[in-house]
Amino acid sequence: MLDEQGAQNYWGQQIQKGGIEPCHYLNKWQDKYAFEIRTSVFNRCDFEGLKKIVDIGCGVGDYTTKLSELIDSDAHIVGYDFLFNIEIARKKHSHFKNITFKEGSVPNSDLERDIESADAVVMTTVYTHLTPVSREVLMGYFKKMRAGAKMFILEYFPEVVPEFQKNQGHKVVESSKEAQTRFKNHGLKILEVRPVNYIDSFLFFRWGKNWFVYFVTKWADKLIRLFKHKHSKYKLIILER
């Protein structure tokens with residue numbers, strides 16, 4: 001498993017591959033699907049009354065700005081990530097006055113202080129890329145939050161970790177049960193486990209990464225959602241301090 005510096009180097013290389021508008025999947029259609037389906041899992045009522053939200057691993061700020069549409073008019077989001085991402089986020093989203101982008105990764109004293117004073121913490125597909133040490137440090141930060149503060153952790157949490165997702169250098173995947181046990185052991189109460197998507201990248205890998213597969217995947221996901229199907233490898237776990 002990479003250490004903190006190794007993780008920073010890894011994601012720096014990913015950014016270079018994607019250029020000034022980096023894509024998580026290095027393909028705009030698969031990335032567009034992932035962005036739309038994952039942000040759709042958040043509801044305005046999730047953030048009602050919350051005045052300070054900390055977005056850990058905000059990347060270039062696209063998810064952060066989408067979340068800003070759901071918060072109260074007098075609320076504020078503080079986004080943290082590596083400097084190469086923050087520099088892009090500041091330029092790209094400078095017109096969002098209710099968002100502040102800061103350089104920092106776990107461990108970080110500024111991040112710790114912002115978490116302590118936050119009403120909520122958000123992590124979108126970040127947890128699994130944290131080193132084991134960083135996860136424990138972050139859990140320690142969460143313990144310092146005020147009672148009633150919320151955490152939104154959107155992540156790849158399969159019920160059973162497949163073999164190809166094990167022993168990877170840049171991430172450690174936990175099953176849904178393992179992650180929830182960790183959260184409970186650190187004094188966090190699980191309020192809800194919300195399914196995010198249902199067919200994920202299945203068709204992209206079999207039919208190609210293009211606009212047609214994007215539309216088919218997106219609408220197939222919407223169709224399955226109508227039947228209230230609960231199986232999803234990606235989950236939004238909502239917790240309370």
**OP:** Determine whether the aromatic ring centres of Phe142 and Phe183 lie less than 6.0 Å apart.
**Re:**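 No, too far apart.
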**OP:** Start with the C-alpha distance between Phe205 and Gln30, add both sets of side-chain angles, then the distance that settles side chain to side chain contact (heavy atoms under 4.5 Å, CB included), and finish with yes or no.
**Re:** CA-CA 10 Å; Phe205 288 122; Gln30 190 175 358; 4.1 Å; yes
Which distance, rounded to the nearest 0.5 Å, do you find between the [atom1] of [X] and the [atom2] of [Y]?
X	Y	atom1	atom2	answer
Tyr234	Glu155	OH	CD	6.5 Å
Ile153	Tyr127	CD1	OH	7.0 Å
Lys102	Asp114	NZ	CG	4.0 Å
Lys209	Thr217	NZ	OG1	11.5 Å
Phe82	Cys58	CZ	SG	11.0 Å
Asn197	Glu36	CG	CD	12.5 Å

Over all atoms of both residues, closest heavy-atom pair of [X] and [Y]:
X	Y	result
Tyr63	Arg38	OH-CD, 3.7 Å
Lys150	Met145	O-CE, 4.1 Å
Ile86	Tyr80	CD1-C, 4.2 Å
Val122	Ile53	CG2-CG2, 3.6 Å
Gly57	Asp81	C-OD2, 3.1 Å
Leu50	Asp46	CD1-O, 3.6 Å

Check whether any side-chain heavy atom of [X] lies under 4.5 Å from a side-chain heavy atom of [Y], and answer yes or no.
X	Y	result
Asn98	Ile77	no
Arg182	Glu178	no
Lys144	Glu112	yes
Gln165	Thr128	no
Lys66	Phe42	no
Ile56	Ile115	yes
Met151	Leu138	no
Leu67	Phe47	yes

**OP:** Could you label the plane-to-plane angle of the Phe215 and Trp211 rings as parallel, tilted or perpendicular, counting under 30° as parallel and over 60° as perpendicular?
**Re:**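 Ring orientation of Phe215 relative to Trp211: perpendicular.
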**OP:** Give me the ring orientation class for Phe212 and Trp207: parallel if the planes are under 30° apart, tilted from 30 to 60°, perpendicular past 60°.
**Re:**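 Rings of Phe212 and Trp207: parallel, as their planes differ by under 30°.
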Using modelled atom types and a 3.5 Å cut-off, is there a donor and acceptor pairing between side-chain atoms of [X] and backbone atoms of [Y]?
X	Y	value
Asp200	Phe202	no
His93	Val60	yes
Arg146	Ser117	no
Arg194	Ile238	no
Arg44	Glu69	yes

**OP:** Mark yes when over 12 heavy atoms from residues, nucleotides or ligands other than Lys52 sit less than 6.0 Å from its NZ; otherwise mark no.
**Re:**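 Counting other residues, nucleotides and ligands, NZ of Lys52 exceeds 12 neighbours.
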Original post:
Should we say atom CD of Glu48 is surrounded by more than 12 heavy atoms from elsewhere, each under 6.0 Å from it?
Top reply: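 No, the 6.0 Å shell around CD holds no more than 12 heavy atoms from other groups.
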**OP:** Report the C-alpha separation of Asp62 and Lys92 in whole Å, then their side-chain angles, then the decisive distance to 0.1 Å, and conclude whether the side chain to side chain contact (heavy atoms under 4.5 Å, CB included) test is met.
**Re:** CA-CA 9 Å; Asp62 294 338; Lys92 187 176 181 180; 2.9 Å; yes
In terms of hydrophobic clusters joined by side-chain contacts under 4.5 Å, are [X] and [Y] together?
X	Y	answer
Leu154	Phe35	no
Val173	Phe164	no
Ile37	Val193	no
Val160	Tyr156	no
Met139	Val126	yes

**OP:** State which residue, out of Lys166, Arg135, Lys235, fulfils the salt bridge (charged side-chain N to carboxylate O under 4.0 Å, His left out) condition with Glu174.
**Re:**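 Of the listed residues Lys166, Arg135, Lys235, the salt bridge (charged side-chain N to carboxylate O under 4.0 Å, His left out) partner of Glu174 is Arg135.
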Subject >> Side-chain H-bond candidate by donor/acceptor type, Asp221 with Tyr33, under 3.5 Å >> reply: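 Looking only at side-chain atoms, Tyr33 and Asp221 do form a donor-acceptor pair, the distance falling under 3.5 Å.
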Original post:
Do Arg225 and Tyr198 meet the cation-pi criteria used here (NZ or CZ under 6.0 Å from the six-membered ring centre, within 45° of the axis)?
Top reply: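 So Arg225 doesn't make the cation-pi contact.
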Original post:
Can you name the side-chain contact (heavy atoms from CB on, under 4.5 Å) partners of Asp74, sequence neighbours left out?
Top reply: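 By the side-chain contact (heavy atoms from CB on, under 4.5 Å) rule, Asp74 matches Lys51, Asp72.
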**OP:** Test salt bridge (Lys or Arg N to Asp or Glu O under 4.0 Å) on Asp110 and Arg113 and set out the steps.
**Re:** CA-CA 5 Å; Asp110 289 339; Arg113 285 190 290 270; 2.3 Å; yes
